[in-house]
Amino acid sequence: MIMVDMLSAILVSGIVLGSGYALMASGLSLVWTTLGIFNFAHGVLMTLGAYVAWTISSGGGLGLGLAAGVAVTVAALIGAGILIERVVVRPFYDHRDILLITVMTTLAAMIFLQNGIQLIWGARLKQLAPIVPGTVQLWRTTISAQETLMIVLAPIVLAALWLFLSRSRIGRGIKAVGQNADAARLIGIDVSRLFIITFALSALLAGLTGVLLGSVRLLTPEFGSEPLVKALIIVIFGGLGSLGGTIAAAYLLGIIEATLTFFIGIYWTPSMIFLLLIVVLLFRPQGLLGKVVR
Amino acid sequence: MLETNDNQPLLEVRQVSRRFGALVAVDRVSFSIQKGEIFGIAGPNGSGKSTLFNIITGIPFPPSAGEVFLAGQPIHKLRPHQISRAGVLRTFQKDAEFATLSALENVYASAVYCGQMGSNEARVAAQQALDDVSLAAERRTKAASDLSVFERKQLMIASAIAARPKVLLLDEPAAGLTRPETSDLADLIYTVHGRGITIVLIEHVLPLLLKVSEHLMVLNHGAVIASGKPEEVVRNPVVVAAYLGKREAGL
């Protein structure tokens, strides 16, 4: 019985972690597959989402409630995503070294936004009220209802994202641009419009992760830093350019992290995860589900 | 779309230039092409031929200066996808298809996005375009990356004609082809031309260029050095010097 309880606890907390990682990493992966760059400001967009939602909805802020909080957060994140694309990415589209340049510019945007958040909201810890209060019993393990919401919501959001990319005209256009931007322009696709949509969508996913995690963890200006690093690992681990690989890797990493935390403790877990990444990349340089690029 | 009178050129390029820092890749080039023409462009490597196609289509960059008109309408300020939709399409020397999509899906995508067709119309147009370029039926469901060099040329041309362009710019279509394939390519160019599409052809393979072109323009160092009837242009000493090199011309 104790054995079953232990496995259940590991599995449940692994899936909770995996749900957050999947939402976070899919946004990062979307920008990578479409534009071929890593957006290092992705983590701070998650932080921004949580702070904006706190300001609008919480009693410590404007106290306008959940619905207003979500609406304003969505608008703010779409705006922030578009702004980052416009200001720090767009000027370098025609540049040969766009990948390296945007590492610098998006890191700059990250620091700028992080310090901006510190200036506006201060360093004092904040926490969002859970969207659904209470606790839930899941496979003999008790977790908060908010974490259950994450477990349920993540697959729905990811399935919607997948449907959007594979079925809608805009989504297919985004995939076409990711494969060959010149060919996409040639067949009459407005490439820069799709870059903007991609960034807005990615920012929205980061913001959603922030709102969901903002009641489970405490808000600080560095709230998004650790999830950003995890998301980077997941995108590489899952295979660059594969959304399915990213999602699979997110859940796998969640479960591995929960297992390691249980057995070796929280202190050594992050380094063990990096070690694992290195080992995987030694044997599969293309990542878990990535295809070898010829 | 405005009606065009018979004397108005279909494509008119006026004084276009493209600079990269100190380098002038295309230097105040002007020419005009009548509807239904096959217009050839020759010139040694680095003479600015492909750059000229780049700036006409805006893919990947517009001209630094100058104007381009399609049926009298200025297009040089349009964005790349708008130029494509207006009816100026091109092929690339490099592969420019969606590698994981099948040949049919590639052509279909062009008909939908560029030709602005509904899905049924686009399906018919895609099959028709693949018939026109004679891509074997059993090859049409293969991923573009699994096609041979010649089949990929057929695919690129089919993608273009499925969108019903007014002008098709062909950028060295014979590159990498065997001699019999080059001969098939000439037939392919005539087929496209027979569909009412005006053609601009850049080519290194001179016999092909001389065979199909009705008008020939020669570039060197980004500037026009000769333009006229192909058989006269190739005898022009300036062209011989530029194209064959000064040493051979001096013999």
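Convention: sequence-line order gives letters A, B, ...; per-chain numbering from 1.
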Where does B/Arg79 contact chain A at under 4.5 Å (heavy atoms): side chain, backbone, both or neither? side chain
Taking B/Gly43's backbone N and O only, do any of them form a donor-acceptor pair with B/Lys49's side chain (distance below 3.5 Å, no angle check)? yes
Leading residue by heavy atom contact count with chain A [cutoff under 4.5 Å; candidates B/Arg85, B/Met156, B/His81]: B/His81
Is there a salt bridge (charged side-chain N to carboxylate O under 4.0 Å, His left out) between A/Glu257 and A/Lys230? Walk through the geometry before answering. CA-CA 11 Å; A/Glu257 189 177 332; A/Lys230 290 282 164 58; 3.4 Å; yes
So for atom CZ, which belongs to A/Arg96, do other residues, nucleotides or ligands contribute more than 12 heavy atoms lying within a distance under 6.0 Å? no
Between B/Asp131 and B/Arg140, is the closest basic N to carboxylate O distance under 4.0 Å? yes
Sort B/Ser110 into side chain, backbone, both or neither according to what part of it lies under 4.5 angstrom from a heavy atom of chain A. both
For B/Glu181, is there an ion pair with B/Lys153 - N to carboxylate O distance below 4.0 angstrom? no
Ignoring hydrogens and geometry, is there a side-chain-to-backbone donor-acceptor pair from B/Arg28 to B/Ser17 under 3.5 Å? no
Under 4.5 Å from any heavy atom of chain B - which part of A/Ala184: both
Contact origin within B/Val88 toward chain A - heavy atom pairs under 4.5 Å: neither
Could you tell me which portion of B/Phe92 (side chain, backbone, both or neither) has an atom closer than 4.5 angstrom to a non-hydrogen atom of chain A? side chain
Does any backbone or side-chain atom of B/Ala163 lie under 4.5 Å from a heavy atom of chain A? Answer side chain, backbone, both or neither. neither
